[in-house]
Amino acid sequence: MVQHRVGYAPGVYDLFHVGHLNILRHARSQCDYLVAGVVSDEMAALAKGHTPMIPLRERLEIVRSVRFVDAAFVETVPDKVETWQQVRFDVIFKGDDWRGTEKGMKLERDFAEVGVEVVYFPYTVHTSSTQLRRALDVLVSRPGALSAP
């Protein structure tokens with residue numbers, strides 16, 4: 001029997017951009033079946049301090065529609081090992097902004113115990129949801145911004 005390598009690519013996927021697409025494309029190239037974990041609004045607020053601009057239902061639909069994604073899963077718990085118990089993946093993909101950080105080292109330790117590989121991909125520095133959100137905040141804060149002529 002041939003073993004299939006299942007990959008897991010968690011993210012908020014708010015304001016979907018080319019960095020998100022790159023992570024999903026690269027992840028799919030390193031596994032046979034890719035599950036994208038779309039972080040719930042509540043978990044995103046805990047992790048980032050604010051809720052996503054795009055509602056969960058819409059983020060999930062966008063991610064499900066990406067051709068590199070075989071399935072999408074709503075991530076509702078902060079513990080990735082608990083998520084692994086539900087999804088059962090062989091490899092988890094994260095941006096390399098996690099590499100060498102306390103949270104990245106914890107992820108590596110936790111997953112080493114259950115035999116899951118942690119693979120880091122280059123973080124797309126020139127495009128991020130945080131940068132897009134800041135730009136939108138600036139636009140919205142200007143008097144008369146985004147109002148119809």
> What residues, two or more places apart in sequence or in another chain, satisfy side-chain contact (heavy atoms from CB on, under 4.5 Å) together with A71?
Replying inline: Y33, V35
> What residues, two or more places apart in sequence or in another chain, satisfy side-chain contact (heavy atoms from CB on, under 4.5 Å) together with R57?
Replying inline: none
>> Nearest 0.5 angstrom please: I54 CD1 to I62 CD1, how far?
In response: 6.0 Å
> Once you round to the nearest 0.5 Å, how far does CZ of F73 lie from CD of Q86?
Replying inline: 4.0 Å
> Within a strict 4.5 Å, meaning less than it, do heavy atoms of the W84 and V116 side chains meet?
Replying inline: yes
> Can you check whether D97 reaches Y120 side chain to side chain, under 4.5 Å on heavy atoms?
Replying inline: no
> Is there a path from V118 to Y8 through hydrophobic residues (I, L, V, M, F, W, Y) whose side chains come within less than 4.5 Å of each other?
Replying inline: yes
> Sequence neighbours excluded, which residues qualify as side-chain contact (heavy atoms from CB on, under 4.5 Å) partners of V77?
Replying inline: E82, T83
>> D70: which residues meet the side chain to side chain donor-acceptor pair (under 3.5 Å) condition with it, sequence neighbours left out?
In response: R28
>> Checking K94 now: which residues fulfil salt bridge (charged side-chain N to carboxylate O under 4.0 Å, His left out) with it, not counting sequence neighbours?
In response: none
>> Do L21 and F121 land in one hydrophobic cluster if side-chain heavy atoms of ILVMFWY residues count as linked below 4.5 Å?
In response: yes
> Which residues pass the side chain to side chain donor-acceptor pair (under 3.5 Å) test with E117, sequence neighbours left out?
Replying inline: R5
> Quick one: salt bridge (charged side-chain N to carboxylate O under 4.0 Å, His left out) partners of D110, sequence neighbours excluded?
Replying inline: K106
> What residues, two or more places apart in sequence or in another chain, satisfy side chain to side chain donor-acceptor pair (under 3.5 Å) together with R64?
Replying inline: none
> F111: what forms a ring pair (Phe, Tyr, Trp, His ring centres under 6.0 Å) with it, not counting sequence neighbours?
Replying inline: F89
> Are V38 and F68 in one and the same hydrophobic cluster, where Ile, Leu, Val, Met, Phe, Trp and Tyr link if side-chain heavy atoms are under 4.5 Å apart?
Replying inline: yes
> Hey, mind stepping through L34 and F93 against side chain to side chain contact (heavy atoms under 4.5 Å, CB included) and telling me if it holds?
Replying inline: CA-CA 10 Å; L34 179 62; F93 303 102; 4.2 Å; yes
>> For a 4.5 angstrom cut-off between non-hydrogen side-chain atoms, does S40 reach E75?
In response: no
> Are the side chains of R88 and V6 in touch, meaning some heavy atoms are under 4.5 Å apart?
Replying inline: no
> Should Y13 and L24 be marked as a side chain to side chain contact (heavy atoms under 4.5 Å, CB included) after you check the CA-CA gap, both sets of side-chain angles, and the distance that decides it?
Replying inline: CA-CA 11 Å; Y13 299 108; L24 295 171; 3.4 Å; yes
> Do V74 and V63 sit in the same hydrophobic cluster, where Ile, Leu, Val, Met, Phe, Trp and Tyr count as joined when their side-chain heavy atoms come under 4.5 Å apart?
Replying inline: yes
> Would you say the side chain of Q30 lies within less than 4.5 Å of the side chain of V119, judging by non-hydrogen atoms?
Replying inline: yes
> Would you say the side-chain atoms of H26 pair up with the backbone N or O of I23, donor to acceptor, closer than 3.5 Å?
Replying inline: no
>> Among residues at least two apart in sequence or on other chains, which ones pass salt bridge (charged side-chain N to carboxylate O under 4.0 Å, His left out) with R109?
In response: E102
>> Within the structure provided, determine whether L107 and W98 are in side-chain contact (heavy-atom separation under 4.5 Å).
In response: yes
> Quick one: salt bridge (charged side-chain N to carboxylate O under 4.0 Å, His left out) partners of E108, sequence neighbours excluded?
Replying inline: none
> Are the side chains of R25 and S29 in touch, meaning some heavy atoms are under 4.5 Å apart?
Replying inline: no
> In terms of hydrophobic clusters joined by side-chain contacts under 4.5 Å, are L60 and F16 together?
Replying inline: yes
> Listed by chain and number, what are the side chain to side chain donor-acceptor pair (under 3.5 Å) partners of D41, not counting sequence neighbours?
Replying inline: R59
>> Working to the nearest 0.5 angstrom, can you tell me the gap between D96 CG and T101 OG1?
In response: 10.5 Å
